[in-house]
Amino acid sequence: MGTLKLKGKDLLKLGFPNNQSINIALEVMKRNFATKNIHHVKTLLKNILHEPQNFADDLTFGQIAEALLTSNKTEKRMLLQNRVPFQIFGNNISDETKNQLYTGLKLPISVQGALMPDAHLGYGLPIGGVLAVENVVIPYAVGMDIGCRMSLSILDTPISYLDGAKDKYEKALAEHTKFGMNEVHKTHIDNEIFERDTFDLIPILKRMKGKAHKQMGTSGGGNHFVEFGEVEITEEEAQIDLPKGKYLGILSHSGSRGFGAEIAQYYSRVAAEQCPLPKEAQNFAWLSLDSHLGLEYWTAMTLAGDYASACHDDIHRRLLKAVGGRVKARIENHHNFAWKEIHNGKEVIVHRKGATPANENELGIIPGSMTAKGFIVRGKGNPDSLHSASHGAGRQHSRGACKNLFTQNDIKKELKLKKITLLGGSTEEAPMAYKNINEVMNAQSESVDILGTFQPRIVRMKGK
DNA sequence: ATGTCC
């Protein structure tokens, strides 16, 4: 693939002011004219420079016009002295993690923050961090895996089948789930998501459409999993509409794959260029929701979220086809995303990076580990947590540390003890790498009520 | 998290 040979110097020569408009123009042009004639591009840039108002409403070039029409974009934003209000849940969170949140709380656009009890170090906002801001979106505070989410299908299949026909369930996971960088499904059924005109409106999405289609229904790597297990409903709830008791369930954890990752990387980079911040706050660079780029990211993020959701549906559909049974209830939620919400009577943008939305009466699923029970929860709308809860137990040992701490044999022993079958997996994802989920749940009892549990029984992850 | 560094 060719690259447009356009430099900032060329733009200065054309008469562009020496400010952010140069970076933006370079980005837009490189994105839209990867292989086009440079003279054509320069003529177009000259037209935009001389009459930016004519391009102000243009979907593609509007952001260049906007940068030319507003001159102060290069001004470095300072952090404020004081932190906006926040609450930290749980007492097992490192100082470094807390410091990451504290930096976010001093941004001039911040309104309120929180750390969930599973919080640990991330880029910019920690994993398990929640940040409410005013009228901007922070790509890195959504995270690299946009729309990473949980989906639980509760089936009408008798729970005894899990033991009675264990081979069938294992085989279904082995054959019909795809993990890692290269595994994809051989065939796909039509999916509404690929009809969306958003793909054609934003160049980066258009370019990614083929890959998104190819990766549909795959799970990726890291802490992602698909598993069969035992759902137990311990409290009846109209939204679930199931009597108390045990059910066979499918639980999946994954996100928007390469599609969302590329969106996240691209807009994090342009945000960093557009929104210079002191070094410690660089990964909090934001895009205004009154700007073209901000709205573009919001649109792309929304599509990545819907794509992630469609991937889970596809995973569950394939498994259901293989093992039979019908879905009686579905509980699902994003945990890497940004939402427009009202808090304290004011509309804010709430970023949850590794945090489960827990608005009043909102259902969610918080996994434990591959051996420990996860929880079906109902949000309490706790203002202190910005209506949020943890997205799991959280790591107590880093990936690197796990390699020295645990052997494959340690994992095997733990799995045998808990009667769990694991397909794939790695020492980095050892069940012992995670905090005690019960302590995590105790630390957020003001944020969610527990309606039931999910005990994994047959788990598939990336790996041999 | 990510065809894990165009």
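Every chain is numbered from 1 and lettered A, B, ... according to where its sequence line falls, protein lines coming before strand lines.
Aromatic ring orientation, His391(A) versus His335(A): perpendicular (interplanar angle above 60°, classes split at 30° and 60°).
At whole-Å resolution of the value, CD in Glu429(A) and P in dA1(B) are 6 Å apart. When rounded to the nearest whole Å, the span between CG of Asn182(A) and P of dT2(B) equals 12 Å. When the C1' atom of dT2(B) is taken as reference, atom OH of Tyr307(A) falls 13 Å away, rounded to whole Å. Rounded to whole Å, the distance from CG on Asp145(A) to P on dT2(B) is 6 Å. At whole-Å resolution of the value, NZ in Lys353(A) and P in dA1(B) are 12 Å apart. Atom CE in Met461(A) sits roughly 8 Å away from atom P in dA1(B) (whole-Å rounding). As a whole-Å value, the separation of Phe259(A) CZ from dA1(B) P is 19 Å. Whole-Å rounding puts the Lys214(A) NZ to dT2(B) C1' distance at 14 Å.
At a threshold of 4.0 angstrom between heavy atoms, the contacts of Gly255(A) with the nucleic acid are absent. Among the heavy atoms of the strands, none lies under 4.0 Å from Gly260(A). Nucleic acid contact for Gln215(A): sugar-phosphate only, since backbone atoms but no base atoms lie under 4.0 Å from a heavy atom of the residue.
Within the 4.0 Å cut-off from OP1 or OP2 of dA1(B), not a single side-chain nitrogen or oxygen of Arg257(A) is found. The side chain of Arg269(A) contributes no N or O atom lying less than 4.0 Å from OP1 or OP2 of dC6(B). Between Asn223(A) and the phosphate of dA1(B), there is a side-chain N or O to OP1/OP2 separation shorter than 4.0 Å.
Salt bridge absent: Glu183(A) and Lys462(A) never bring a charged side-chain N and a carboxylate O closer than 4.0 Å.
Taking the side-chain contact (heavy atoms from CB on, under 4.5 Å) definition, one finds that Leu49(A) meets it with Phe16(A), Pro17(A), Leu68(A), sequence neighbours left out. For Glu227(A), there are no salt bridge (Lys or Arg N to Asp or Glu O under 4.0 Å) partners, not counting sequence neighbours.
Side-chain atoms of Asn135(A) and Asp290(A) include a donor-acceptor pair closer than 3.5 Å.
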